[in-house]
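Counting begins at 1 with the first residue of the sequence.
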Amino acid sequence: MYIAPLNTNLLLEEAEKEALYLKLIEQINKDFNLANEGIDFPMSISPKELKIQLHEKIFRLIQYKFAEYLNLLYIIDVSEDQIKKLDGSDLVILSEEVAFLILKREWQKVWFRNKY
């Protein structure tokens with residue numbers, strides 16, 4: 001049964017433990033490219049660096065390319081309700097929380113594909 005991880009670090013640990021971390025990177029790269037937001041995380045990227053770079057990318061999208069940011073969320077299929085629940089008063093915190101929601105959704109896709 002799928003149980004969503006509680007934070008980014010637990011999610012990335014689980015992905016590594018289940019030997020699906022590379023699939024997670026592939027899925028992130030694929031969906032960002034589908035949304036025309038070219039991102040190309042190398043397969044050798046560490047979980048810590050992935051977390052940092054994803055956070056920075058989301059921060060820049062929210063700040064400078066909001067329409068593209070919304071399109072990305074749509075392509076990845078991040079729940080609109082979850083986004084609406086976030087506090088948007090601090091852009092740094094908001095982008096970190098959105099990065100986690102993106103990772104969580106991408107992990108869900110990879111996990112289900114692997115199990116079923």
Side-chain angles (χ1 to χ4, degrees):
M1 189 173 111
Y2 178 77
I3 299 169
L6 299 175
N7 62 45
T8 304
N9 293 333
L10 290 173
L11 185 149
L12 294 171
E13 283 174 23
E14 189 176 335
E16 285 188 304
K17 188 175 73 187
E18 299 216 15
L20 295 172
Y21 179 68
L22 295 179
K23 295 262 186 229
L24 179 62
I25 294 171
E26 285 174 7
Q27 185 66 46
I28 293 168
N29 287 339
K30 177 181 148 200
D31 284 345
F32 269 78
N33 287 320
L34 278 173
N36 292 322
E37 277 309 315
I39 199 166
D40 193 22
F41 291 124
M43 292 300 164
S44 59
I45 192 168
S46 72
K48 183 179 178 185
E49 193 59 33
L50 175 67
K51 178 181 168 182
I52 291 167
Q53 286 187 26
L54 185 61
H55 177 214
E56 288 173 356
K57 177 73 172 179
I58 299 305
F59 180 83
R60 285 192 305 274
L61 283 173
I62 292 172
Q63 201 165 30
Y64 303 113
K65 297 167 80 178
F66 197 73
E68 290 86 346
Y69 158 74
L70 294 176
N71 184 51
L72 175 70
L73 294 179
Y74 177 76
I75 297 279
I76 292 174
D77 191 27
V78 174
S79 163
E80 193 176 326
D81 289 340
Q82 288 182 315
I83 296 292
K84 286 179 179 176
K85 288 178 188 170
L86 301 177
D87 176 13
S89 60
D90 184 331
L91 197 54
V92 173
I93 293 170
L94 175 67
S95 56
E96 187 175 352
E97 291 170 343
V98 170
F100 173 59
L101 291 177
I102 288 171
L103 272 174
K104 201 160 66 166
R105 181 65 183 115
E106 298 289 35
W107 171 239
Q108 188 180 31
K109 292 177 191 177
V110 168
W111 190 90
F112 273 107
R113 250 186 235 122
N114 183 58
K115 295 290 180 201
Y116 303 105

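A continuous path of Ile, Leu, Val, Met, Phe, Trp and Tyr side chains, each step under 4.5 Å between heavy atoms, connects Leu103 with Phe112, placing both in one hydrophobic cluster. Ile39 is connected to Leu73 through a chain of hydrophobic side-chain contacts under 4.5 Å among Ile, Leu, Val, Met, Phe, Trp and Tyr, so both are in one cluster. Phe100 is connected to Val92 through a chain of hydrophobic side-chain contacts under 4.5 Å among Ile, Leu, Val, Met, Phe, Trp and Tyr, so both are in one cluster. Leu22 is connected to Leu11 through a chain of hydrophobic side-chain contacts under 4.5 Å among Ile, Leu, Val, Met, Phe, Trp and Tyr, so both are in one cluster.
Donor-acceptor pairing under 3.5 Å is lacking for the side chains of Ser79 and Asp81. Side-chain contact annotation: Arg60 with Gln63, donor-acceptor N/O pair under 3.5 Å absent. For Lys48 and Asn9, the side-chain atoms include no donor-acceptor pair closer than 3.5 Å.
Using a 4.5 Å heavy-atom cutoff, the side chains of Tyr74 and Tyr69 are not in contact. Counting heavy atoms from C-beta on, the side chains of Leu101 and Ile83 come closer than 4.5 Å.
The environment of CD in Glu68 is crowded: more than 12 heavy-atom neighbours from other residues, nucleotides or ligands sit within 6.0 Å. Applying the 6.0 Å contact sphere to OH of Tyr64 captures no more than 12 heavy atoms from other residues, nucleotides or ligands.
The CD1 atom of Ile45 sits 13.0 Å away from the NZ atom of Lys51 when rounded to the nearest 0.5 Å. Atom CG of Asp40 is separated from atom CZ of Phe32 by 12.0 Å, given to the nearest 0.5 angstrom. One distance of note links CD1 of Ile28 with CD of Gln53; it measures 11.0 Å at 0.5 Å rounding. Expressed to the nearest 0.5 Å, how far CG of Leu91 lies from CD1 of Ile58 amounts to 11.0 Å. Interatomic distance, Ile102 CD1 to Ser95 OG, rounded to the nearest 0.5 Å: 10.0 Å. In this structure, Leu6 CG and Leu10 CG are separated by 6.0 Å, a value rounded to the nearest 0.5 Å.
With salt bridges taken as basic N to acidic carboxylate O contacts below 4.0 Å, one links Glu18 and Lys115. Using a 4.0 Å cut-off between a side-chain N of Lys or Arg and a carboxylate O of Asp or Glu, Lys65 and Glu37 qualify as a salt bridge. Using a 4.0 Å cut-off between charged side-chain N and carboxylate O, Glu26 and Lys30 make no salt bridge. Ion pairing between a basic and an acidic side chain is recognised when a charged N comes within 4.0 Å of a carboxylate O; Lys17 and Glu14 show no such pairing. Classification of Asp77 and Lys109 as a salt-bridged pair fails, no side-chain N sitting under 4.0 Å from a carboxylate O.
Across every non-hydrogen atom of Lys104 and Pro5, the tightest pair is CD-O, 3.9 Å. Closest approach of Leu86 to Gln82, counting heavy atoms only: CG-O, 3.5 Å. Minimum interatomic distance between Ile75 and Ala35 (heavy atoms only, all atoms of both residues): CG1-CB, 3.8 Å. Residues Leu94 and Ile62 come closest through the heavy atom pair CD2-CD1, 4.1 Å. Shortest non-hydrogen contact noted between Leu72 and Asp31 is CD1-O, 4.2 Å.
Proximity of a side-chain donor or acceptor of Tyr21 to a complementary backbone N or O of Met43 within less than 3.5 Å is not detected. Side chain of Asn29 to main chain of Phe41: a donor-acceptor pair is present (N/O by atom type, distance under 3.5 Å, no hydrogens or angles).
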Side chain to side chain contact (heavy atoms under 4.5 Å, CB included), that's the test. Do Leu24 and Leu12 meet it? Break it down for me. CA-CA 9 Å; Leu24 179 62; Leu12 294 171; 4.0 Å; yes
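Taking the six-membered ring where the residue is Trp, Phe59 and His55 present perpendicular rings, their angle passing 60° and hence far from 30°.
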